[in-house]
Amino acid sequence: MAMLDDELLQQLQTEFLDATDDALDQLEAAVDGAVRGGGDPKAALHVVRRQVHSIKGLSASFGFKLSSAIAHRLEDYLDEETELTADIARSVGKFTDRIREIARAGSEPTEDAAAELLRSLPARRPPPDITVTAVDVEVLIGVPSKLTAKIVRDVLQNCGFRVVRASTMIDCFTMTVRARPDAMLFAMTLDELSGADLARAFRAMSATADVPVGVLTSFSLDHAALRDLPEGISIVRLGKQHFDGDMAEFLARIEVG
């Protein structure tokens with residue numbers, strides 16, 4: 001029985017390696033064509049996104065959770081890009097190199113090493129005309145709406161923070177466990193569990209009890225969904241009247257340095 005299990009594991013690893021290598025080869029060919037061969041940079045970016053999404057699914061299916069997390073971060077890194085530039089191509093290579101290393105090793109590193117690897121990957125930064133001092137602080141935002149996510153991301157990035165976005169409750173949970181962010185902000189509009197319920201859950205876990213967490217909402221403070229939130233959970237209200245002040249209070253809770 002053990003021999004069968006070993007043979008099955010080896011077969012799965014081989015299938016994962018072959019499928020991932022093929023997807024990475026197609027991705028890198030598109031990158032090389034755009035950067036060195038005069039290919040269409042917009043079309044190349046489309047190929048990269050498609051192959052990254054494929055790798056994310058493959059990795060999850062074969063139990064390579066870290067590879068899936070790296071692919072997710074690459075999707076997030078590329079989210080607002082419209083074409084593949086040389087600078088973006090260099091960053092893409094740093095993500096794909098780590099995925100290929102894991103696939104060829106046939107195993108993933110320890111949890112501590114995995115968290116360190118994720119934190120070492122490139123992160124989006126403010127445009128060059130905005131001067132900020134980057135700090136080694138990562139904030140996970142769980143926000144389904146791309147428009148709202150951009151507003152929140154811009155504020156956090158302009159403060160020098162690394163920002164990673166998730167759009168579902170499951171992604172928020174898995175990314176918190178794997179990457180161990182320094183702070184978390186969850187929208188009430190998350191699927192399955194609201195941002196408030198997710199914040200409650202992380203506040204109750206010993207591993208995340210001390211991590212600053214906030215809820216992003218358009219509700220008023222006396223709304224039923226926000227009642228009885230545990231002490232220490234910030235509420236950041238959307239809208240001109242409250243957003244700046246509420247966000248400032250949340251940011252003040254994040255330790256820098």
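Worth knowing before you read on, the calculation uses all heavy atoms, side chains too, and leaves out hydrogens, waters and symmetry mates. All values derive from a computational prediction rather than experimental measurement.
Under the side-chain contact (heavy atoms from CB on, under 4.5 Å) criterion, E249 pairs with no residue at all, not counting sequence neighbours. For D112, the side-chain contact (heavy atoms from CB on, under 4.5 Å) test picks out T110, R180, with sequence neighbours left out. Every residue two or more places apart in sequence or in another chain that forms a salt bridge (charged side-chain N to carboxylate O under 4.0 Å, His left out) with D197 is listed here: R200. Applying the side-chain contact (heavy atoms from CB on, under 4.5 Å) test to K65 and every residue at least two apart in sequence or in another chain returns E108, R178. In this view, D182 and R119 satisfy the salt bridge (charged side-chain N to carboxylate O under 4.0 Å, His left out) rule, not counting sequence neighbours. For A149, the side-chain contact (heavy atoms from CB on, under 4.5 Å) partners are I141, V143, R165, not counting sequence neighbours. For the salt bridge (charged side-chain N to carboxylate O under 4.0 Å, His left out) test, residues two or more places apart in sequence or in another chain that qualify with K146 are D79.
By the criterion of side-chain heavy atoms lying less than 4.5 angstrom apart, applied directly or through intervening Ile, Leu, Val, Met, Phe, Trp or Tyr residues, L27 is grouped together with I88 in one hydrophobic cluster. Cluster membership check: V47 does not share its hydrophobic cluster with V52, using side-chain heavy-atom separations under 4.5 Å among Ile, Leu, Val, Met, Phe, Trp and Tyr. Each of L58 and L17 belongs to its own hydrophobic cluster when Ile, Leu, Val, Met, Phe, Trp and Tyr are linked at side-chain heavy-atom distances under 4.5 angstrom.
Within a 6.0 Å sphere centred on NE2 of H242, heavy atoms belonging to other residues, nucleotides or ligands number more than 12. Under a cut-off of 6.0 angstrom, the local environment of CG in D136 is sparse, with at most 12 non-hydrogen atoms contributed by other residues, nucleotides or ligands. Heavy atoms of other residues, nucleotides or ligands lying less than 6.0 angstrom from CD of E80 number more than 12.
Pairs of residues two or more places apart, or lying in two chains, never qualify as salt bridge (Lys or Arg N to Asp or Glu O under 4.0 Å) while including a residue from residues 207-230. Listed by first and then second residue, the ring-ring contact (aromatic ring centres under 6.0 Å, His included) pairs involving residues 86-134 are Y77-F95 (not counting sequence neighbours). Pairs engaging residues 41-59 under the salt bridge (Lys or Arg N to Asp or Glu O under 4.0 Å) rule: K56-E75 [sequence neighbours left out]. Among residues at least two apart or in separate chains, salt bridge (Lys or Arg N to Asp or Glu O under 4.0 Å) pairs with a member in residues 11-21 are D21-R100, D21-R104.
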Set out, in order, the CA-CA distance, both residues' side-chain angles and the distance that settles side-chain contact (heavy atoms from CB on, under 4.5 Å) for T189 and L216, then state yes or no. CA-CA 9 Å; T189 51; L216 186 68; over 6 Å; no
Please assess S61 against F16 for the test side-chain contact (heavy atoms from CB on, under 4.5 Å), listing each intermediate value before the final yes or no. CA-CA 9 Å; S61 298; F16 171 68; over 6 Å; no
For the pair S67 and F62, evaluate side-chain contact (heavy atoms from CB on, under 4.5 Å) and give the outcome as yes or no after the intermediate values. CA-CA 10 Å; S67 294; F62 286 100; over 6 Å; no
side-chain contact (heavy atoms from CB on, under 4.5 Å) evaluation trace for L121 with R98: CA-CA 9 Å; L121 294 169; R98 302 291 82 76; 4.0 Å; yes
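Taking CG of D97 as the start and CD1 of I70 as the end, the distance is 10.5 Å to the nearest 0.5 Å. Note that CG of L66 is 9.0 Å distant from OG of S59, once rounded to the nearest 0.5 Å. We find the CG-CG distance between D246 and L238 to be 9.5 Å, quoted to the nearest 0.5 Å. Atom CD1 in I102 sits 10.0 Å away from atom OG1 in T20 (nearest 0.5 Å). Of the inter-residue distances, the one linking K150 atom NZ with D154 atom CG reads 4.0 Å to the nearest 0.5 angstrom. Considering NE2 of H46 and CD of Q51, their distance stands at 9.5 Å, rounded to 0.5 Å.
R253 contributes no side-chain N or O that, together with a main-chain N or O of P212, makes up a donor-acceptor pair within less than 3.5 Å. T174 contributes a side-chain N or O that, together with a main-chain N or O of D171, makes up a donor-acceptor pair within less than 3.5 Å.
T208 places none of its side-chain heavy atoms less than 4.5 Å from the side chain of R203. The shortest side-chain heavy-atom distance between D76 and R153 falls under the 4.5 Å cut-off. You'll find the side chain of L78 reaches within 4.5 Å of the side chain of V92, heavy atoms only. In this structure, T96 and V31 have side chains that are not in contact, with every pair of non-hydrogen atoms separated by 4.5 Å or more. Annotation: side chain of R162 is not in contact with side chain of R124 (no heavy-atom distance under 4.5 Å). L251 places a side-chain heavy atom less than 4.5 Å from the side chain of C159.
Taking all atoms of both residues into account, the shortest heavy-atom contact from A183 to F250 is CB-CZ, 4.2 Å. The two residues A179 and E138 have their closest heavy-atom pair at CB-OE2, 3.9 Å. R125 and G160 make their closest contact through NH1-O, 3.2 Å (heavy atoms, listed as atom of the first residue, atom of the second, distance). For the pair A44 and A34, the tightest heavy-atom approach, listed with the atom from each and the gap, is CB-CB, 3.5 Å.
Hydrophobic cluster membership of I235, counting Ile, Leu, Val, Met, Phe, Trp and Tyr whose side-chain heavy atoms lie under 4.5 Å apart directly or via other members: L140, V164, M169, I170, F173, M175, V177, M184, F186, M188, L190, L193, L198, F202, M205, V211, V213, V215, F219, L221, L226, L229, I233.
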